[in-house]
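First comes the structure, then the notes that go with it.
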Amino acid sequence: MEGSLQTSIHMCHENGQWMSQLPEKLWDIPLYNLALPGSHDTMTYCLDKNSAVSGNECKLVKFLSKCIPCIVHPVIMKWSTTQVLTVTEQLEAGVRYLDFRIARKPNDPSMNLYFVHMVYTTVTVEDILWEVLRWLETHPQEIVILACRNFDGLTKKLHCRLIAWINEIFQCKLCPRNVVPTLRTMWQHGHQVIVSYEEDVEVEEHCELWPAIPYWWGNKTATRSLIRFLEYMKRMGRPEKFFVAGINLTENLRYILQHPFGSLKKMTLQSLPCLKIWIKQQYPGPQKECINIIAGDFIGNDDFVKDVIELNTKINPSLPCQRKGAGTSSI
């Protein structure tokens with residue numbers, strides 16, 4: 001399995017410039033009507049194994065982590081790591097939606113912000129924003145969506161600091177939310193970054209911030225249950241603008257106890273064949289049952305990114321979204 005992962009990572013580097021290579025007939029379609037690959041919990045490849053459990057976790061987990069850290073911490077790391085590629089590697093692989101769960105460490109006297117998923121990361125938010133900028137400067141026609149979420153422990157002052165970093169680092173690359181974000185329009189204006197921000201008050205005060213992007217999170221341990229959830233959400237109708245269909249499975253305490261030698265990686269790899277079939281059946285577009293962003297765990301596996309990108313070949317701007325094989329009967 002590790003060998004196949006390495007092969008997939010090597011193969012997916014060809015997707016580093018995929019947006020610039022889309023046919024001209026797609027240049028005037030809003031990005032929320034294209035198919036975009038995303039990574040769920042983007043920054044978990046650099047979780048700090050010595051970090052305290054985040055303040056958002058339940059009291060029992062925090063208590064056990066303090067009492068028996070040598071047992072609890074390895075379990076936490078196995079079930080909270082969702083990616084192995086760095087943010088630059090994910091972008092080079094073709095990911096264009098980054099899921100940033102941002103937090104302040106409790107009792108941290110500095111103004112540093114980190115990423116979090118049960119535990120905190122070793123890298124700061126500011127450092128990663130600079131890393132994204134460096135990648136964009138060498139890929140001038142690629143566009144990235146940064147979904148800033150959670151904000152555990154952030155005060156108004158820290159929100160102001162984070163937004164100041166975003167503006168200082170990306171400057172004119174930021175696409176304001178009053179723009180219809182097509183490839184042609186963004187290329188003409190030099191825009192490469194869309195920042196969605198899960199804090200309504202800040203969005204109202206800053207025209208460079210976009211509203212929070214809805215994320216269809218199934219909270220399922222079984223692949224078929226997750227697919228049924230996603231099909232239900234499609235029948236209810238897609239949002240008008242950006243949204244994410246999350247193909248990530250989610251463990252719970254019962255599942256962890258039933259799989260003492262398991263991990264989120266093993267759980268994910270087992271689900272990929274069924275999810276691959278589901279992805280290939282999807283259609284991007286504005287119609288009710290069409291998709292937009294598809295985000296997953298361990299995005300270097302099983303041609304996930306390539307499969308999502310290839311959905312854009314189904315788009316014919318002169319025709320409505322086709323609905324074929326959208327059900328789960330064949331999965």
Side-chain angles (χ1 to χ4, degrees), residues 1 4-5 8 35-42 44 56-58 60-61 75-84 95 97 99 101 117-118 147 149-150 212-239 242-284 287-305 307-308 311 321 323-331:
M1 195 65 75
S4 64
L5 171 58
S8 295
L36 308 176
S39 60
H40 167 250
D41 264 308
T42 300
T44 56
N56 227 20
E57 299 304 320
C58 69
L60 176 60
V61 172
V75 174
I76 288 175
M77 295 298 290
K78 284 200 306 179
W79 291 99
S80 56
T81 300
T82 68
Q83 306 295 338
V84 295
V95 165
Y97 166 91
D99 178 16
R101 315 291 180 96
H117 188 216
M118 293 195 74
R149 310 173 62 194
N150 284 37
I213 295 176
Y215 194 108
W216 291 355
W217 176 50
N219 193 19
K220 306 294 184 183
T221 60
T223 310
R224 285 177 173 79
S225 296
L226 174 60
I227 290 172
R228 283 194 293 270
F229 164 79
L230 293 172
E231 288 298 316
Y232 168 78
M233 295 300 291
K234 284 170 56 184
R235 289 193 297 274
M236 296 297 290
R238 59 155 292 169
F242 291 110
F243 76 101
V244 183
I247 62 165
N248 50 290
L249 294 173
T250 305
E251 82 292 344
N252 54 34
L253 182 57
R254 180 180 179 182
Y255 187 93
I256 292 173
L257 293 175
Q258 289 175 340
H259 300 81
F261 301 106
S263 67
L264 188 58
K265 186 174 183 179
K266 290 180 181 177
M267 187 184 194
T268 300
L269 295 182
Q270 292 168 359
S271 72
L272 290 180
C274 278
L275 290 172
K276 183 181 181 73
I277 295 170
W278 182 83
I279 290 170
K280 284 178 170 289
Q281 292 174 341
Q282 305 312 304
Y283 285 79
Q287 279 70 30
K288 179 179 178 180
E289 294 197 16
C290 291
I291 56 85
N292 174 214
I293 301 164
I294 301 179
D297 293 334
F298 302 102
I299 61 88
N301 285 271
D302 203 36
D303 293 329
F304 160 72
V305 173
D307 289 343
V308 176
L311 295 178
C321 169
R323 185 183 182 275
K324 292 182 181 178
T328 61
S329 58
S330 62
I331 298 178

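Quick caveat: nothing in here was measured; it's all calculated off a predicted structure.
- Of the possible polar contacts, one joining the Q83 side chain to the H40 backbone as a donor-acceptor pair under 3.5 Å is found.
- When side chains are defined from C-beta on, C290 does not count as touching P284, because their heavy atoms never get closer than 4.5 Å.
- When side chains are defined from C-beta on, F242 counts as touching N292, because their heavy atoms get closer than 4.5 Å.
- The distance from the NZ atom of K280 to the CD atom of Q282 is 12.0 Å, given to the nearest 0.5 Å.
- Note that CZ of R149 and CZ of R101 are 4.0 Å apart. Values are rounded to the nearest 0.5 Å.
- From I294, atom CD1 reaches atom CD1 of I247 across 7.0 Å, with rounding to the nearest 0.5 Å.
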Can you check side-chain contact (heavy atoms from CB on, under 4.5 Å) on I293 and F243, steps first, answer last?
CA-CA 6 Å; I293 301 164; F243 76 101; over 6 Å; no
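- Under the 4.5 Å side-chain criterion, counting only non-hydrogen atoms from C-beta, I291 is not in contact with R238.
- Between the K220 side chain and the T250 main chain, no donor and acceptor come within less than 3.5 Å of each other.
- Checked by atom type and distance alone, the side chain of T42 pairs as donor or acceptor with a backbone atom of D99 at under 3.5 Å.
- With a 4.5 Å cut-off on side-chain heavy atoms, L275 and L226 count as touching.
- Closest heavy-atom contact between Y215 and A295: OH-CB, 3.7 Å.
- Scanning both residues, S271 and L249, for their nearest heavy atoms gives CB-CD1, 3.6 Å.
- Side-chain contact check for T82 and T44: at least one donor-acceptor pair (N or O, by modelled atom type) lies under 3.5 Å.
- With contacts defined as side-chain heavy-atom distances shorter than 4.5 Å, the pair L311/I279 qualifies.
- Residues N248 and W217 meet the side-chain proximity criterion, which asks for heavy atoms closer than 4.5 Å.
- We find that K234 and E231 are joined by a salt bridge, their nearest charged nitrogen and carboxylate oxygen being less than 4.0 Å apart.
- Residues meeting the side-chain hydrogen bond (donor to acceptor under 3.5 Å, both in side chains) test with K276, sequence neighbours left out: D307.
- Side-chain contact between L264 and M267 is present, with heavy atoms from C-beta onward closer than 4.5 Å.
- Closest approach of I227 to C274, counting heavy atoms only: CD1-O, 4.1 Å.
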If you apply the rule side-chain contact (heavy atoms from CB on, under 4.5 Å), what do you find for Y232 with W216, and how did you get there?
CA-CA 10 Å; Y232 168 78; W216 291 355; over 6 Å; no
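- Counting heavy atoms from C-beta outward, Y97 and V244 have side chains that approach closer than 4.5 Å.
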